[in-house]
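Contents: one structure, followed by commentary.
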There are 2 protein chains.
Amino acid sequence: MGWEDVREEVLRRIRARDWPPGEVIPGEEALAAEFGVARATVNRALRELAEAGLLERRRKAGTRVALLPVRKATLDISIIRQEVEARGESYAHRVLAQRMEGISLAAAVRMGVPAGASMLFLETLHLAGGRPFAHEVRWLNPDVLPGRVVPDFGAVSANEWLVQNVAYATGDIAFSAEAATAAEAAALGIAAGDPVFVTERVTWTAEAPITFVRLLHGPGYRLRTMV
Amino acid sequence: MGWEDVREEVLRRIRARDWPPGEVIPGEEALAAEFGVARATVNRALRELAEAGLLERRRKAGTRVALLPVRKATLDISIIRQEVEARGESYAHRVLAQRMEGISLAAAVRMGVPAGASMLFLETLHLAGGRPFAHEVRWLNPDVLPGRVVPDFGAVSANEWLVQNVAYATGDIAFSAEAATAAEAAALGIAAGDPVFVTERVTWTAEAPITFVRLLHGPGYRLRTMV
DNA sequence: TACCATTTGTGCGTATGTATG
DNA sequence: CCATACATACGCACAAATGGT
């Protein structure tokens, strides 16, 4: 009787409505006694279910079945190369533009820096099987580059280079659907106005913002949760 | 010195590249001795970092800093009413269609049932502040309804009703960008061909599929991760 | 291949901390 | 202020996986 068994049994009771939504379930001590395990084992099982949003736990108040469980879907945000190769296609990328430039207002707002601040601007096209897969526009804080030396992003994509060479960071991600502009459409080989799947990501360290990326995927792209 | 302190210190060392990507870090025992805590405490900290994708752990092989950390972004999938009310807007919904019908091929494939199987078809418009917020098309397995009695989905949306009245389930979610069809555009009050943010969700119990939902959000909708 | 040593994974019993009804 | 229930920690033990001999 491990903690996973306890988790499954508790989950079964929730699903079977032995313990209906909103109801307080027996305490850790009681469950430990019932299942013949240590309290720590029950704790581990209940903690997992609480993290998944199925239980709500509060000291002294006890543990209750969530009334409106907020499902937590987890997305695996991998490097584009990995994503492409996982599909069994060959990956390549082309740097379309690379220059120092005053940051755009929209990007400045998201990165939390003054508009017009001098940043490295990068425009990249990612290819899968030789065909356009994603179009990337990136603003990169040059301060995070060791010695402010710009690496060769033609060899390794900025995405990958940052992951491997700059500090691990926290970030924010947002997804939306937009209509492709003429320029974006041209890069992706689709028609202007076609719907594109947009991923916007901001990453930063404790001290400074690192980068803001806007990634466009053409029609047919699906982002799936890994359950 | 709690497990969170250990986690932060280990994270700091990873970020500072004291332990570069790919490198094996000291074992639990050694870290426990260094930090003056029990091994279980170190274990808890390292386990969390491994779940976050920053460490890779294997028995006997030890713990190493991930070479290509796969960031795990978590999305809170709440019911639409909550989402709307969280924006400070009033929620309402209208059932546009409700009938028993042979399931469409596309939906049958996703639900894993024979095409043409008799399912409850539901079309709903969700309103935020009186304006169209999302358009929902749903196929619902009537077997999951207690006594096969169809509830009044005009009073409580199917989404919410299912969460509260049917077994908790596992599911699969996918997001994409598509062009609105004429009918969808009319329902959402946008132009045909406008990009829409599409969420498709399948849920099932251990025994049977429950429902397949296709949810369309009009322009301006953003799905954000909760980091 | 067979075995051994190592490292993480999990469990128990106990104790104390902490939020809170 | 107290009693309660969860949160965390310790030390020990054994299981399971697996790299190496």
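Numbers restart at 1 for each chain; the letters A, B, ... are given by sequence-line order, proteins then strands. Keep in mind that this is a model prediction, so the values were computed, not measured.
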Query - B/S/- contact track for nucleotides 12-21 of chain C, protein heavy atom under 4.0 Å - result: B--B-BBBBB
Query raised in the report: Looking at B/Thr63, does any N or O in its side chain come under 4.0 Å of the phosphate oxygens OP1/OP2 on C/dT8?
Result: yes
Report summary line: By side chain to side chain donor-acceptor pair (under 3.5 Å), A/Glu83 pairs with (sequence neighbours left out) A/Tyr221
Requested in this report: For A/Glu23, check side chain to side chain donor-acceptor pair (under 3.5 Å) against everything at least two apart and list the hits.
Outcome: none
Requested in this report: Not counting sequence neighbours, which residues clear ring-ring contact (aromatic ring centres under 6.0 Å, His included) with B/Phe133? List them please.
Outcome: B/His217
Query raised in the report: What pairs meet the salt bridge (charged side-chain N to carboxylate O under 4.0 Å, His left out) rule with one or both residues in residues 31-42 of chain B, with sequence neighbours excluded?
Result: B/Arg13-B/Glu34, B/Glu28-B/Arg39
Query raised in the report: With a 4.5 Å limit on heavy-atom distance, are the side chains of B/Glu136 and B/His126 in contact?
Result: yes
Report task. With sequence neighbours left out, write down each residue that passes salt bridge (charged side-chain N to carboxylate O under 4.0 Å, His left out) with A/Lys60, or none if nothing qualifies. Result -> none
Query raised in the report: How many Å lie between CZ on A/Phe35 and P on C/dG11, as a whole number?
Result: 13 Å
Name each donor-acceptor pair under 3.5 Å that joins a side chain in residues 149-159 of chain A to protein atoms two or more places apart or in another chain, with its distance.
from: A/Asp152; atom 1: OD1; to: A/Gly154; atom 2: N; distance (Å): 2.9
from: A/Ser157; atom 1: OG; to: A/Glu160; atom 2: N; distance (Å): 3.3

**Report entry** side chain to side chain contact (heavy atoms under 4.5 Å, CB included) involving A/Arg12 - partner list, sequence neighbours excluded
**Finding:** A/Glu9, A/Ala16, A/Asp18
Query raised in the report: In chain order, what residues pass the ring-ring contact (aromatic ring centres under 6.0 Å, His included) check against B/His135, with sequence neighbours excluded?
Result: none
Report summary line: Residues passing the ring-ring contact (aromatic ring centres under 6.0 Å, His included) test with B/Phe212, sequence neighbours excluded, are none
Report task. Starting from P on C/dG9, measure out to CH2 on A/Trp3 and report it in whole angstrom. Result -> 11 Å
Query raised in the report: Between which nucleotides of DNA chain D, read 5' to 3', does contact with chain A run, using atoms under 4.0 Å from its heavy atoms?
Result: D/dT4 to D/dT8
Report task. Could you say whether A/Asp5 or B/Gly27 is positioned toward the 5' end of DNA chain C, judged by the nucleotide with the nearest heavy atom to each? Result -> B/Gly27
**Report entry** Terminal axes of the helix from C/dA2-D/dT21 to C/dG21-D/dC2 (five pairs each): angle between them, nearest 10 degrees
**Finding:** 10°
